[in-house]
Amino acid sequence: MLRAKIIATGSYTPERKLTNFDLEKIVDTSDEWITERTGIKERRIANEKQSTSDLAYEASKAALRQAGLKAKDIDLIIVATVTGDMPVPSTACLLQNLLDAKKAAAFDINAACSGFIYGLSIADSFIRSGTYKKILLVGAETLSKFTDWEDRTTCVLFGDGAGAVIIEAANGENGIISTEIHSDGSLWELLNLPGGGSKNPPSKETLNKRLHFLKMKGNETFKVAVRTLESLVVDTLKKNNLKSSQLSALIPHQANLRIIQATANRLGLSMDKVVVNLDRYGNTSAASIPIALDEAVRIGRIRHGDYVLLEAFGGGLTWASALIKW
Ligand code: COA
């Protein structure tokens with residue numbers, strides 16, 4: 001059986017840490033509130049010169065190194081991001097240039113926090129159709145550059161980082177077993193960045209109204225996220241005739257510890273099977289799953305033959321899952 005297999009992972013997070021105590025000095029918040037409501041303790045912040053493609057570049061180099069491949073071996077580069085360097089060209093094209101990956105086609109996808117799993121789904125189809133053999137998939141974000149540092153309801157949540165995987169065509173049982181992607185555009189207003197696009201082109205007014213920053217109706221989003229993710233993970237296992245007891249690891253999008261706990265609970269999974277790193281990085285949108293995956297792989301938490309379930313929920317709204325036999 002031809003399967004798309006993740007043969008290597010890599011990640012990068014900027015050096016600068018911003019703790020909850022640092023945030024107490026910027027907005028009216030507290031370490032206690034942030035920890036209790038979200039589970040986040042600190043996040044990483046890119047420096048002034050670092051854009052999303054720079055973070056993606058570091059993560060990609062680490063993945064290529066682990067795979068023992070050169071950038072010129074890559075057929076296709078997909079970058080999942082909502083914080084690209086610029087509207088045109090794509091961040092994937094900028095990454096292709098940084099890597100000098102001359103052979104690769106390159107494009108971005110925007111599915112917000114579900115972007116990495118959407119990317120897996122696309123990569124899986126391209127591999128199984130025989131179109132591409134070696135794909136570099138990256139989730140990369142510099143959310144700090146689109147965060148309203150005067151809005152305590154959002155600025156405590158997000159962080160910067162990048163994670164990358166190399167996906168290869170492989171014969172056998174190991175690889176991506178299934179992916180599911182879903183959207184509901186009717187709920188777009190729950191999470192958006194309204195300024196700078198064709199609906200609200202950049203102007204003094206859009207700047208004054210702070211439309212170039214991320215907006216979220218957190219509480220409403222929370223409720224939809226819990227409900228949606230609970231049924232998504234149950235459905236994914238059911239469709240693949242797998243019991244949750246057969247899962248070695250759940251790697252959720254890292255938005256909120258309470259959402260993660262609710263999802264694990266619905267599956268009857270103990271938290272020691274759930275990969276959590278949001279205490280250190282906050283919500284890094286499309287980057288959160290590949291960073292967590294890379295950390296889990298590097299410490300030997302995921303081994304050959306393990307069943308691993310990935311799931312995410314984000315702006316769009318979008319949600320997605322991937323079941324992998326490692
Ligand atoms: N510090 C202190 N108080 C804060 C605060 C902060 N940083 N942010 C909000 N508050 C206050 C609110 O003003 C509100 O006060 P009020 O009761 O006087 O009006 C109170 O805390 C509760 O706010 P609420 O928004 O109801 O809290 P919550 O329990 O829903 O937690 C989030 C807020 C954002 C942490 C949570 O809703 C969440 O994680 N949402 C989903 C995020 C997500 O999954 N997004 C999609 C993927 S990116």
Side-chain angles (χ1 to χ4, degrees), residues 18-43 80-83 110-118 139-144 146-161 163 181-193 213-233 251-264 266 274 276-279 281-292 310-321:
L18 185 74
T19 67
N20 292 350
F21 298 104
D22 296 327
L23 280 165
E24 286 181 358
K25 294 174 198 140
I26 304 173
V27 287
D28 179 16
T29 190
S30 66
D31 172 56
E32 195 189 353
W33 191 94
I34 303 169
T35 306
E36 268 177 21
R37 301 279 175 140
T38 70
I40 300 165
K41 299 296 282 182
E42 59 186 38
R43 62 293 286 143
T81 187
V82 289
T83 54
N110 175 344
C113 303
S114 312
F116 180 76
I117 302 182
Y118 267 65
E141 306 281 6
T142 46
L143 286 153
S144 65
F146 301 87
T147 296
D148 186 346
W149 294 102
E150 292 179 14
D151 175 11
R152 69 173 183 172
T153 68
T154 54
C155 78
V156 302
L157 303 173
F158 301 110
D160 301 337
I181 58 172
H182 301 275
S183 316
D184 183 356
S186 72
L187 296 176
W188 70 271
E189 280 177 298
L190 292 186
L191 212 175
N192 59 74
L193 196 161
F213 296 126
L214 214 59
K215 321 275 175 209
M216 181 167 70
K217 294 180 182 159
N219 194 271
E220 283 172 65
T221 309
F222 183 94
K223 287 175 194 154
V224 186
V226 169
R227 206 171 49 234
T228 308
L229 288 173
E230 283 183 349
S231 52
L232 174 68
V233 290
I251 306 190
H253 168 51
Q254 311 280 315
N256 186 307
L257 188 58
R258 290 182 292 144
I259 298 177
I260 294 174
Q261 283 165 339
T263 314
R266 182 70 182 79
V274 185
V276 176
N277 66 7
L278 93 170
D279 49 326
Y281 303 125
N283 179 348
T284 57
S285 194
S288 91
I289 289 177
I291 294 172
L310 317 183
E311 45 90 348
F313 181 89
L317 297 177
T318 58
W319 60 100
S321 69

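Whatever order the structure lists ligands and atoms in, that order sets their numbers, starting from 1.
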Numbered atoms of ligand 1 (with element) below 4.0 Å of Cys113, judged on heavy atoms = 47 (C), 48 (S)
Distance only, no hydrogens: is a donor on one side chain within 3.5 Å (strictly under) of an acceptor on the other, for Glu141 and Thr284?
-> no
Just need the protein heavy atom nearest to atom 22 (C) of ligand 1, so name the residue and atom and give the distance.
-> Arg37 NH1, 3.5 Å
Which is it for Ile259 and ligand 1 at heavy atoms under 4.0 Å: side chain, backbone, both or neither?
-> side chain
Report the residues that fulfil salt bridge (charged side-chain N to carboxylate O under 4.0 Å, His left out) with Arg152, sequence neighbours left out, ordered by chain and then residue number.
-> Asp28
Honestly, for Asn219 the part within reach of ligand 1 (heavy atoms, under 4.0 Å) is both
Polar contact flag, side-chain donor to acceptor under 3.5 angstrom, Thr142-Asp160 | no
Which residues satisfy the side-chain contact (heavy atoms from CB on, under 4.5 Å) test with Thr154, sequence neighbours excluded?
-> Asp151, Phe158, Met216
Residue, atom and distance of the protein heavy atom nearest atom 34 (C) of ligand 1 read Leu157 CD1, 3.9 Å
Hey, is atom 2 (C) of ligand 1 under 4.0 Å from any protein heavy atom?
-> yes
Non-hydrogen side-chain atoms of Arg43 and Asn20 separated by less than 4.5 Å | yes
Contact check, side chains of Leu157 and Cys155, non-hydrogen atoms, under 4.5 Å | no
Identify the two heavy atoms, one from Gly139 and one from Ala287, that lie closest to each other, and give their separation to 0.1 Å.
-> O-CB, 3.3 Å
A student checking ligand 1 against Thr38 at a 4.0 Å heavy-atom cut-off should list atoms 35 (C)
Distance filter under 4.0 Å to Phe313 heavy atoms, resulting ligand 1 atoms | 47 (C)
Side chain or backbone of Trp33 under 4.0 Å from ligand 1, or both, or neither, by non-hydrogen atoms?
-> side chain
Report the part of Val156 in contact with ligand 1, treating N, CA, C, O as backbone and CB onward as side chain, heavy atoms under 4.0 Å; options are side chain, backbone, both, neither.
-> side chain
Could you find the nearest protein heavy atom to atom 31 (O) of ligand 1 and give me its residue, atom name and distance?
-> Arg258 NH2, 3.6 Å
Proximity of Asn283 to ligand 1 by residue part, where a heavy atom lies under 4.0 Å = side chain
Ser288 (side chain) donor-acceptor with Gln254 (main chain) under 3.5 angstrom | yes
Give the minimum heavy-atom separation between Val226 and Ala262, together with the two atoms involved.
-> CG1-CB, 4.0 Å
Check ligand 1 against Thr153 and write out every atom of the ligand that is under 4.0 Å from a heavy-atom position of the residue.
-> 8 (N), 9 (C)
Protein contact to atom 40 (N) of ligand 1 [nearest heavy atom, distance to 0.1 Å] | Gly218 O, 3.0 Å
Does the Thr318 side chain pair with the main chain of Gly315, one donor and one acceptor, at a distance under 3.5 Å?
-> yes
Heavy-atom contacts with Met216 under 4.0 Å: which atoms of ligand 1 show up? List them by number with element.
-> 42 (C), 45 (N)
Taking the side chain as C-beta and beyond, is there a heavy-atom pair between Thr38 and Leu257 under 4.5 Å?
-> no
Give the C-alpha distance, both sets of side-chain angles, the deciding distance and a yes or no for side chain to side chain contact (heavy atoms under 4.5 Å, CB included) between Cys113 and Trp319.
-> CA-CA 8 Å; Cys113 303; Trp319 60 100; over 6 Å; no
Check each heavy atom of Asn256 against ligand 1 and say whether those closer than 4.0 Å belong to the side chain, the backbone, both or neither.
-> side chain
For atom 43 (C) of ligand 1, the option (of Leu143, Val224, Thr221) bearing the nearest heavy atom = Thr221
Would you check if Leu18 and Leu23 make a side-chain contact, meaning some heavy-atom pair closer than 4.5 Å?
-> yes
Near Thr29 (heavy-atom distance under 4.0 Å), the atoms of ligand 1 are 1 (N), 2 (C), 6 (C), 7 (N)
Return yes or no for this condition: an N or O of Gly314 is under 3.5 Å from an N or O of ligand 1.
-> no
Could you tell me whether atom 18 (O) of ligand 1 has a protein heavy atom closer than 4.0 Å?
-> no
For atom 12 (C) of ligand 1, what's the nearest protein heavy atom and its distance?
-> Arg152 NH2, 3.9 Å
